[in-house]
Amino acid sequence: MIRVLIADDQPLVRRGLALILGPDPDFEVVGEAEDGARAVALAHELRPDVVVMDIRMPVMDGVKATEELARTLPGTRVLALSTFDMDEYVVAALRAGAYGFLPKDISPEELIAAVRIVHTGEAAVAPRLLSRLLSAYVRTPERPRSWAAETPAELTPRELEIWRLMATGRGNAEIAAELDISVSTVKNHITGIFGKLGVRDRAQAVIAAYESGLVEAGTGSG
């Protein structure tokens, strides 16, 4: 059972999300919050596995709430939602610790799949949006200090290639096929890449690749 907390300032949206997730036997909607501060408080009280978090909310926005939850409840994973496909807050939420992002016009099936993915600790970001977001909002070569390895040269040539392929939208199986190695070997390399870059998940690794100049906007496959 995946315990889910829903945070959105619009009651109708909260109810709609609950009606999508609630009937699925794999989910339990444990609470609803109308702003980021309430979401943080309820998360500490209810200890959900996943928080479906609107990015733009009053009192405390979803970015600040995500940052607070990443710091104080690392076992609770945030899936960010936004009304707007192109929203600089999305990149900020991923930097703050969100495990994924979806626009609010996604289908019920996409929402359910994304919550499941986030629950496993993987990143869920709509591929059709990621390269557009990074093209619009990730322009400077400077990365947050806590993310960057001291130098990209710390990565081996194989790790550098896998990082590049990740950043251009390939999944683990596609990377394995392209490099003629096993999926388990790809996963091991990705773990090493995360450690050397100081990132937590795939979404942050992709942002770091764009910010470092390893790949440029428009080179992604999705």
Side-chain angles (χ1 to χ4, degrees), residues 1-8 13-33 36 39-40 42-55 62-63 65-67 69-70 73-83 85 87 89-91 93-131 133 166-167 169-176 183-184 186-188 190-191 193-194 199-207 220-222:
M1 182 73 72
I2 302 172
R3 293 165 52 81
V4 180
L5 173 66
I6 296 169
D8 195 290
V13 173
R14 294 199 304 271
R15 181 48 38 198
L17 294 172
L19 288 173
I20 291 170
L21 296 172
D24 192 304
D26 289 343
F27 299 111
E28 179 186 2
V29 177
V30 296
E32 298 179 17
V40 171
L42 278 179
H44 279 270
E45 178 185 337
L46 301 172
R47 301 299 173 108
D49 300 303
V50 176
V51 179
V52 179
M53 180 89 74
D54 185 25
I55 292 177
V63 175
T66 296
E67 186 175 19
L69 290 177
L73 286 179
T76 294
R77 290 158 182 156
V78 173
L79 175 62
L81 294 179
S82 175
T83 304
D85 281 4
D87 190 346
Y89 277 57
V90 172
V91 176
L94 293 171
R95 284 198 182 108
Y99 274 75
F101 159 72
L102 290 174
K104 287 185 179 178
D105 63 356
I106 46 89
S107 69
E109 293 77 18
E110 287 175 306
L111 174 66
I112 288 169
V115 173
R116 286 199 174 104
I117 290 169
V118 166
H119 179 247
T120 68
E122 295 292 326
V125 182
R128 66 189 174 88
L129 297 177
L130 187 56
S131 62
L133 282 165
M166 269 198 299
R170 269 73 158 188
N172 290 354
E174 292 172 306
I175 294 172
V183 172
S184 61
V186 172
K187 289 179 179 178
N188 289 338
I190 289 174
T191 298
I193 291 165
F194 288 175
V199 303
R200 192 210 51 221
D201 60 30
R202 205 178 195 95
Q204 291 187 343
V206 171
I207 293 173
S221 65

**Item:** Derivation and outcome, side chain to side chain contact (heavy atoms under 4.5 Å, CB included), residues V4 and V52
**Value:** CA-CA 7 Å; V4 180; V52 179; 3.8 Å; yes
**Prompt:** Rounded to the nearest 0.5 Å, how far apart are CG of L5 and CD of E32?
**Reply:** 8.5 Å
**Prompt:** Is the backbone N or O of R3 less than 3.5 Å from a side-chain atom of D49, with the two atoms forming a donor-acceptor pair by type?
**Reply:** yes
**Message:** Holding to side-chain contact (heavy atoms from CB on, under 4.5 Å), I want the full list of residues that pass it with V29, two or more places apart in sequence or in another chain.
**Reply:** I6, A18, L21
Going by atom type alone, with no hydrogens or angles, which donor-acceptor pairs under 3.5 Å involve a side-chain atom of residues 111-118 and a protein atom two or more places apart or on another chain?
residue	atom	partner	partner atom	Å
R116	NE	D26	OD2	3.4
R116	NH2	D24	OD1	3.4
R116	NH2	D24	OD2	3.1
R116	NH2	D26	OD2	2.7

**Complete:** In this structure, CE of M53 is separated from OH of Y99 (nearest 0.5 Å) by 13.5 Å
**Donor-acceptor pair, side chain of R77 and main chain of V50, under 3.5 angstrom** = no
**Asked** Can you name the residues that form a side chain to side chain donor-acceptor pair (under 3.5 Å) with T120, not counting sequence neighbours?
**Response** none
**With sequence neighbours excluded, residues passing side-chain contact (heavy atoms from CB on, under 4.5 Å) with A98** = T66, V78, A80, A93, L94
**Request:** Rounded to the nearest 0.5 Å, what's the gap from CZ on R47 to CG on L73? Could you check?
**Result:** 5.0 Å
**Message:** Looking at every non-hydrogen atom in both residues, tell me the closest pair between A7 and A39 and how far apart they are.
**Reply:** CB-CB, 3.7 Å
**Prompt:** Is any side-chain N of the basic residue among K104 and D54 closer than 4.0 Å to the acidic one's carboxylate O?
**Reply:** yes
**Message:** With a sphere of 6.0 Å drawn around CD of E67, does it hold more than 12 non-hydrogen atoms of other residues, nucleotides or ligands?
**Reply:** no
**Item:** side-chain contact (heavy atoms from CB on, under 4.5 Å) partners for L19, two or more places apart
**Value:** R15
**Item:** Test salt bridge (Lys or Arg N to Asp or Glu O under 4.0 Å) applied to E45 - qualifying residues, sequence neighbours left out
**Value:** none
**Asked** Hey, is the main chain of I55 close enough, under 3.5 Å, to the side chain of S82 for a donor-acceptor pair?
**Response** no
**I2 side chain near E28 side chain, heavy-atom distance below 4.5 Å** = no
**Fill in**
N172 meets the side-chain contact (heavy atoms from CB on, under 4.5 Å) criterion, sequence neighbours left out, with V183, V186, K187, I190, R202
**Asked** Roughly how far, to the nearest 0.5 Å, is the CG atom of L79 from the CZ atom of F101?
**Response** 9.5 Å
**Request:** Give the C-alpha distance, both sets of side-chain angles, the deciding distance and a yes or no for side chain to side chain contact (heavy atoms under 4.5 Å, CB included) between V51 and L69.
**Result:** CA-CA 9 Å; V51 179; L69 290 177; 4.1 Å; yes
